[in-house]
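Treat the numbers as computed from the prediction; the structure is a model and nothing was measured. We name chains A, B, ... by the order of the sequence lines, and we start the count at 1 in each one.
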Amino acid sequence: MTTRGKRAAETLYDKPLSSKGKLEVNLSTYAFLFSEIVQYSHGRVTSLSQLHEKLSDLGKHAGFRMIDVLCLREKTPKRETRLVNHLLYIQKTLWKTLFYKEADRLEQATASESTFYLFEDDPVVNRFISVPKDQSSLNCAAFVAGIIEGFLNGTQFVSYSQHQLQITYWSFP
Amino acid sequence: MSRQGRPQDTRKVSGELFSLTYGALVAQLVRDYEKDEEVNQQLDKMGYNIGVRLIEDFFARSQQGRCHDFAQAADVLTKVGFKMFLGVVPTVANWSAKGDEFSLILDQNPLVDFVELPETHQGLLYSNIICGVIRGALEMVQLEVKVWFVQDQLRGSDSTEIRVKFLKKLEDAVPAGED
């Protein structure tokens with residue numbers, strides 16, 4: 001009983017960062033979990049765009065929490081203030097931490113200076129998802145888009161206008 | 001389903017991505033349901049759905065034969081199953097006198113990285129999905145079991161302990177009209 005009182009004063013932030021990013025799980029474990037998430041979300045929405053939104057919200061939750069983890073691991077933490085550099089950071093470091101590879105390409109749109117496209121040819125989340133023909137615009141990589149959005153929001157890169165922060169996700173079968 | 005899976009496809013994903021995805025799911029469930037008890041049930045149900053499919057993946061990768069008794073099943077569950085899917089091996093302990101109940105003690109739980117339970121949700125069994133997975137997987141091999149949490153590190157205990165109790169052996173039912 002006495003140790004319980006002592007433990008109640010300790011919070012998660014007092015303990016050292018438990019994982020050093022070395023713990024890995026099987027791809028199929030993750031695929032099973034993600035498919036349950038998609039099924040659960042699918043059962044609670046009435047349209048495809050709502051499903052994308054739900055997946056994106058879950059992604060934001062995850063992406064936001066990656067900020068602290070990555071900052072703590074940087075040897076010389078430097079905060080990016082320019083959008084391009086920040087997006088490059090996402091493409092390289094964030095992707096590498098989460099997916100063990102860098103995102104394939106980062107391009108700026110010719111039409112507008114503040115629109116960027118981040119390409120990912122084989123998103124891990126879509127690997128075991130098969131899309132029925134009548135819902136061909138379903139893309140569960142909305143979750144990954146949510147991760148990026150959460151990360152950007154948390155690092156104060158939300159602009160005053162919604163249109164300037166545009167998340168586009170692509171995947172190739 | 002028609003595509004042939006490579007038997008040794010050992011591609012891994014980051015444990016952090018896994019924990020954060022699971023955390024996002026639990027947070028969403030807590031927002032959707034009012035009571036912790038309902039969230040626990042939903043997690044168990046989702047775990048069950050995962051478990052019934054996970055068992056096939058398990059057999060595809062491990063070529064494990066039939067277990068002769070419950071003790072062997074417990075052994076395979078921890079040393080092969082948990083190791084394959086979560087990368088951790090829990091200890092089997094606290095066998096009951098009749099040999100139909102045992103505990104799994106988890107030292108390390110990849111689901112609970114970065115997680116702390118708030119005061120308002122002390123009744124939440126955060127890793128309850130694991131109980132559902134065990135129940136679903138064992139049901140597909142004709143073992144009906146009851147799985148529940150005894151202790152949880154997130155709720156202040158020293159270790160995480162899951163108890164598995166054997167209820168009965170399921171017989172494959174022959175469809176009516178066939179012999």
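The closest side-chain heavy-atom distance from B:Gln28 to A:Leu58 is below 4.5 Å. Side-chain atoms of B:Ser14 and A:Phe99, non-hydrogen and from C-beta on, never get closer than 4.5 Å to each other.
No other option in B:Ile50, B:Leu25, B:Leu29 has as many heavy-atom pairs under 4.5 Å with chain A as B:Ile50. With chain B as the partner, the residue from A:Asp68, A:Thr97, A:Val25 showing the most heavy-atom pairs under 4.5 Å is A:Val25.
Contacts of B:Asp57 with chain A are made by side-chain atoms alone, with heavy-atom separations under 4.5 Å and no backbone atom involved. Neither the backbone nor the side chain of A:Lys60 comes within contact range of chain B; no heavy atom of the residue lies under 4.5 Å from a heavy atom of that chain.
Clustering ILVMFWY residues whenever any of their side-chain heavy atoms sit less than 4.5 angstrom apart, transitively, puts B:Val52 in the very cluster that holds B:Ile55. By the rule that hydrophobic residues join a cluster once side-chain heavy atoms approach within less than 4.5 Å of another member, B:Tyr48 and B:Leu170 end up as members of separate clusters. Tracing side-chain contacts under 4.5 Å through hydrophobic residues (I, L, V, M, F, W, Y), one never reaches B:Ile105 starting from B:Ile130; they form parts of separate clusters.
Distance OG1/B:Thr21 to OH/A:Tyr30: 3.0 Å, rounded to 0.5 Å. Within the model, atoms CG of A:Leu27 and CZ of B:Phe18 stand 11.5 Å from one another, a figure rounded to the nearest 0.5 Å. Interatomic distance, CZ of B:Arg53 versus OG of A:Ser28, reported as 11.0 Å (0.5 Å rounding).
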Exercise for the section: Apply side-chain contact (heavy atoms from CB on, under 4.5 Å) to A:Val69 and B:Glu16, showing your working. Expected result: CA-CA 9 Å; A:Val69 173; B:Glu16 282 165 6; 4.0 Å; yes
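For B:Lys35, the NZ atom sits in a loose shell: 12 or fewer heavy atoms of surrounding residues, nucleotides or ligands are nearer than 6.0 Å. A 6.0 Å sphere centred on CZ of A:Phe64 holds no more than 12 heavy atoms belonging to other residues, nucleotides or ligands.
Using a 4.5 Å heavy-atom cut-off against chain B, the contacting residues of residues 31-43 of chain A are A:Phe32, A:Leu33, A:Ser35, A:Glu36, A:Ile37, A:Gln39, A:Tyr40. Taking 4.5 Å as the heavy-atom cut-off, the residues of residues 68-87 of chain B that approach chain A are B:Met84, B:Phe85, B:Leu86, ordered by number.
Across B:Ala27 and A:His61, no two heavy atoms sit closer than the pair CB-NE2, 3.4 Å.
For the pair A:Arg44 and B:Tyr33, the cation-pi criterion (under 6.0 Å, within 45° of the ring axis) is fulfilled.
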